[in-house]
Amino acid sequence: MLTALLDIFFPSVCAVCEKDIAEGPLCETCSVAFDSKKIRSPLCLKCGDPFISIEGSDRTCGKCLTAKIPFNVARSGFIYDGAVAESIHRFKYNGKVILAYPLGALMASCAEALQLKPDVVVPVPLHIERLKARGFNQSLMLAKILAKRLGVKTDCSNLKRTRPTLPQIGLKHEERAENVAGAFKVINSLAFKNKNILLIDDVLTTGATIRECAKTLKKAGAEVNILTLARAVKS
Ligand SMILES: [Zn+2]
Ligand SMILES: [Zn+2]
């Protein structure tokens, strides 16, 4: 049903100011605002965290050198700040689902620029209780639009949340990992075995949730790359 809806309505509105535009995903003014939040090199080759210093080239950060990483690369399009944060907030919390189109299109451009060629796109699942409260899974909507642009399938039923988790906000780093440990499972491992999966979320904060998802997918035999629209970056 969602796919059908996505096909019927394909409006061109700017992802920030919602002005009608002939060509998306952003109006000229908002393009400038988004561009100023674009994540650029130098960044970590694995986790995609940008380095504070603008000098030097991409390299692996200290954390990724020592930790076990369950994905090939993780990347985000933009810093979660300013116009970017504002549009995601309106999409996610103010129910402006129309913004899924321009935001999903921006993610597709990121995936293309990174030459990520997944077999299947998988959104981070929401627990049913959270889904009921919000009415939609923002990651699923973004994944559908992104996958459509890339010409690949979305799988939104094979990776499941097995239990509700506390909101990650307000939890310490270790508590966040603990909060989501074992919270996901793959229903049919064979369907993901040897598949190149692009795992999608709207915002990466500490990355504990999406890492746990990646770990679960990897255990099922998949190769995982991560793409989020935005990422919280310490300034
Ligand atoms: Zn605009
Ligand atoms: Zn790293």
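Read the numbers this way: they start at 1 and go in the same order the structure lists the ligands and their atoms.
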Are D119 and K153 close enough for a salt bridge, meaning some N to O gap below 4.0 Å? no
Full working for salt bridge (charged side-chain N to carboxylate O under 4.0 Å, His left out) between K96 and E18: CA-CA 10 Å; K96 291 273 182 187; E18 292 174 61; 3.4 Å; yes
Can you list the protein N, O or S atoms less than 2.8 Å from the Zn ion (ligand 1)? C14 SG, C17 SG, C27 SG, C30 SG
Can a donor-acceptor pair be found between the side chains of D58 and S41 at a distance below 3.5 Å? yes
Mind checking whether L227 and M107 have side chains closer than 4.5 Å, heavy atoms only? yes
Enumerate the protein N/O/S atoms at a distance below 2.8 Å from the Zn ion (ligand 2), ignoring waters. C44 SG, C47 SG, C61 SG, C64 SG
For A105 and I145 the tightest heavy-atom approach is N-CG2, 3.9 Å
When you measure from the centre of the six-membered ring of F51, is the NZ or CZ of R59 under 6.0 Å away and within 45° of the axis? yes
Evaluate the ring planes of F136 and F91, with Trp represented by its six-membered ring, and classify them as parallel (under 30°), tilted (30 to 60°) or perpendicular (over 60°). tilted
Is it the case that more than 12 heavy atoms not belonging to E28 sit under 6.0 Å from its CD atom? no
A side-chain contact here means heavy atoms from C-beta on lying under 4.5 Å apart; do D49 and C61 qualify? no
